[in-house]
Amino acid sequence: MRKPIIAGNWKMFKTVQEAVSFAEGVKGKAEIEGVESVICAPFTSLPALTEALKGTSIKIGAQNLHWEDQGAFTGEISGVMLKDLGVHYVIIGHSERRAYFAETDETVNKKVHAAFKHGLTPIVCVGEKLEEREAGQTKSVCKEQTDAALKGLTAEQAAQTVIAYEPIWAIGTGKSSTSADANEVISYIREQVAAAFGADTAAKIRIQYGGSVKPENVAEYMGQSDIDGALVGGASLEPASYIQLVEGA
Ligand code: PEP
């Protein structure tokens, strides 16, 4: 049985004070037995957020990491540093990072390995652009990105990975994939995991949907056979909305 996972991706939003006040608002509320609740915050808010959510079941995630442990990489943050802060999850290969910061399938794979090296769970984003969808390439794009991201992992590591299927045209646009379409792509991604790592790993790996998920539609996605949760941007920024997302899962 896969535990549903709701992860908020705050992107480049919230000061430290705003993050702490969010934490006060969700404590004891976005904590529901049987649902994993994760907040992926900007690096600057991670220490305060870990402190503010200490003793709760809400886990903290980062939105990126560098694959090296340390070195001359100005502006970067490593897995060692995240682990030191008490972070559990890290988003890797979000489409905004692939589009604006030149992330490639190769760097995504290096980052996934770095995450495991430091005991962090990667949330790996895959998904097609609108033109790829229109050209009928959704599944081939997702297969390529998934295979590349998981390359070289053990079956046990692959099973622990979280994949977020995020059609790029649905992120922050208010347009969402239908739950049936999202489920079809997610089942296909699961089949690719089965082909690479075996049926047992495929049955364990959690695959989220992401793209304009909100309190009003989260339950519909969660009702699908292969969707194990959601990666949520805009609707994760306010405590009331985030709590409803966790409740909806
Ligand atoms: C995201 O940032 O991963 C995302 C899915 O954003 P939104 O929910 O705002 O579409």
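We use all heavy atoms of the structure for the numbers below, so side chains are in, but hydrogens, waters and symmetry mates are not. First listed ligand is number 1; within each ligand, the first listed atom is number 1. These numbers were taken from a predicted model, which means no experiment stands behind them. When a residue number appears, it is its place in the shown sequence, counting from 1.
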Under 4.0 Å to a heavy atom of G211 - the qualifying atoms of ligand 1, by number: 5 (C), 10 (O)

Using a 4.0 Å heavy-atom cut-off, say whether I171 meets ligand 1 through its side chain, its backbone, both or neither. both

Taking Q208 as the fixed residue, which of I186, V232, I227, I123 is the one that meets the side-chain contact (heavy atoms from CB on, under 4.5 Å) rule? I123

Just distances here: any N/O of S212 and N/O of ligand 1 closer than 3.5 Å? yes

What atoms of ligand 1 come within less than 4.0 Å of a heavy atom belonging to G172? 7 (P), 9 (O), 10 (O)

Would you mind checking if K151 and D147 are paired as a salt bridge, meaning a charged N to carboxylate O distance below 4.0 Å? no

What are the atoms of ligand 1, with element, lying closer than 4.0 Å to any heavy atom of A170? 10 (O)

Between the side chains of K110 and E68, is the shortest nitrogen-to-carboxylate-oxygen separation below 4.0 Å, so that they form an ion pair? no

Can you list the atoms of ligand 1 that are under 4.0 Å from a heavy atom of V232? 8 (O)

Nearest-option assignment for atom 5 (C) of ligand 1, heavy atoms, candidates K11, E166, E96: E166

What are the two closest heavy atoms between V35 and A249, and how far apart are they? CG1-CB, 4.0 Å

The atoms of ligand 1 lying under 4.0 Å from a heavy atom of L231, numbered in the order shown, are 3 (O), 5 (C)

Give a yes/no verdict on whether any heavy atom in S236 is under 4.0 Å from an atom of ligand 1. no

Relative to atom 1 (C) of ligand 1, which among Q208, H94, K214 owns the nearest non-hydrogen atom? H94

Inspect the contact between E103 and R98 and indicate whether a charged nitrogen and a carboxylate oxygen are less than 4.0 angstrom apart. no

Taking 4.0 angstrom as the limit, do D228 and R190 come out as a salt bridge? yes

Please state which protein non-hydrogen atom is closest to atom 8 (O) of ligand 1 and give its distance, to 0.1 Å? G233 N, 2.8 Å

Is there any N or O on G234 that sits under 3.5 Å from an N or O of ligand 1? yes

Under 30°, 30 to 60°, or over 60°: which ring-plane class applies to W10 and F22, parallel, tilted or perpendicular? perpendicular

Any side-chain donor paired with an acceptor under 3.5 Å for W169 and E128? yes

